[in-house]
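Structure first, then comments.
Whatever order the structure lists them in is the order used to number ligands and atoms, beginning at 1.
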Amino acid sequence: MDNIQIVERAASPQEFIGLRKAVGWGCPGEEAVKNGLCGNLFSVCAEHEGRIVGHGRIIGDGAFTLYIQDIIVLPEYQRRGIGMMIMTGIMEHIKGNYGKGTMVNLMSARGKEDFYRKFGFFVRPDDNFGSGMTQFL
Ligand SMILES: CC(C)(COP(=O)(O)OP(=O)(O)OC[C@H]1O[C@@H](n2cnc3c(N)ncnc32)[C@H](O)[C@@H]1OP(=O)(O)O)[C@@H](O)C(=O)NCCC(=O)NCCS
């Protein structure tokens, strides 16, 4: 899409909460979000005319275990390649800054597995790996 910029920066807590709400996700309180975003290893925002329209971030130990989180594109901007641009920026950062053997993880939303397969991810469980597991407090 024309005039979309991928900018290396963290979303503000208000931007982050707004994006999550726009795609129907719940969100912790603003203080928790503020503290959580301080823990980002790397983040990108997609901007259109100065407004945030998409986001992605990496969390993890900063050495060999990474999690890609909160890949979000505003509904009215989806299916125009912005998600691919965000993931491309994230994967370029990972490949440029982390070594062989680094484990890169993510939890796919239902039905989005093919989107992530394009970037080399495989679905668990398979013959070698068990399921990913989650608990919400
Ligand atoms: C998942 C998500 C980030 C993808 O963002 P997006 O900007 O729509 O992604 P892209 O446009 O780059 O690609 C998505 C699909 O649109 C297709 N597409 C891209 N441009 C297109 C166009 N002009 N016309 C039609 N389809 C197009 C892509 O081929 C891709 O197809 P696929 O998903 O079937 O493989 C977005 O749907 C989203 O925010 N969803 C809600 C939050 C969510 O579930 N996030 C993922 C958490 S794991």
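When every heavy atom of Ile90 is checked against every heavy atom of Phe42, the shortest pair comes out as CA-CE2, 4.2 Å. Annotation for Tyr77 and Ile82: closest pair O-CD1, 3.6 Å, computed over non-hydrogen atoms.
Within a 4.0 Å radius of atom 3 (C) of ligand 1, the protein contributes one or more non-hydrogen atoms.
Scanning all protein heavy atoms for the shortest distance to atom 14 (C) of ligand 1 gives Phe115 CD1, 4.1 Å. Considering only non-hydrogen protein atoms, atom 7 (O) of ligand 1 sits nearest to Gly83 N, 2.7 Å. Among all non-hydrogen protein atoms, the one lying nearest atom 43 (C) of ligand 1 is Trp25 CZ2, 3.4 Å. The closest protein non-hydrogen atom to atom 44 (O) of ligand 1 is Ala109 CB, 3.4 Å. Looking at atom 38 (C) of ligand 1, its nearest protein heavy atom turns out to be Gln78 NE2, 3.3 Å.
For the pair Ile71 and Tyr116, the minimum side-chain heavy-atom distance is below 4.5 Å. Using a 4.5 Å heavy-atom threshold, the side chains of Asn105 and Thr65 count as touching. Using a 4.5 Å heavy-atom threshold, the side chains of Arg57 and Phe16 count as touching.
Distances from atom 20 (N) of ligand 1 to the heavy atoms of Arg79, Gln69, Met84 show the closest one on Arg79. Nearest residue to atom 11 (O) of ligand 1 from Ala22, Pro75, Gly81 is Gly81 (criterion: closest heavy atom).
Within 6.0 Å of OH in Tyr67 there are 12 or fewer heavy atoms belonging to other residues, nucleotides or ligands. Atom CD of Gln78 sits in a crowded spot, with more than 12 heavy atoms from other residues, nucleotides or ligands closer than 6.0 Å.
Where the criterion is an N or O separation shorter than 3.5 Å, residue side chain and backbone included, Val73 meets it with respect to ligand 1. Among the atoms of Lys118, some N or O lies under 3.5 angstrom from an N or O of ligand 1. Ligand 1 has a nitrogen or oxygen under 3.5 angstrom from a nitrogen or oxygen of Arg80. Here's the thing with Tyr77: none of its N/O atoms is less than 3.5 angstrom from an N/O atom of ligand 1. Ligand 1 has an N or O atom lying under 3.5 Å from an N or O atom of Ile71, backbone or side chain.
Near Ile72, with a cut-off below 4.0 Å to any heavy atom, the atoms of ligand 1 are 39 (O). Listed by number with element, the atoms of ligand 1 under 4.0 angstrom from any heavy atom of Ser108 are 48 (S). Atoms of ligand 1 lying under 4.0 Å from any heavy atom of Tyr116, numbered from 1 in the order shown and given with element: 46 (C), 47 (C), 48 (S). Against a heavy-atom cut-off of under 4.0 Å, Val23 is close to the following atoms of ligand 1: 41 (C).
A cation-pi geometry, defined here as NZ or CZ lying under 6.0 Å from the six-membered ring centre and within 45° of its normal, does not hold between Arg124 and Phe122.
A salt bridge between Glu15 and Arg9 is present, with a side-chain N of the basic residue lying under 4.0 Å from a carboxylate O of the acidic one.
The only option from Leu66, Ile58, Leu41, Thr88 that meets the side chain to side chain contact (heavy atoms under 4.5 Å, CB included) definition with His93 turns out to be Ile58.
Residue contacts with ligand 1: Met107 is included, with a non-hydrogen atom under 4.0 Å away.
Side-chain N or O atoms of Asn35 include none that pairs as donor or acceptor with a backbone N or O of Cys38 at under 3.5 Å.
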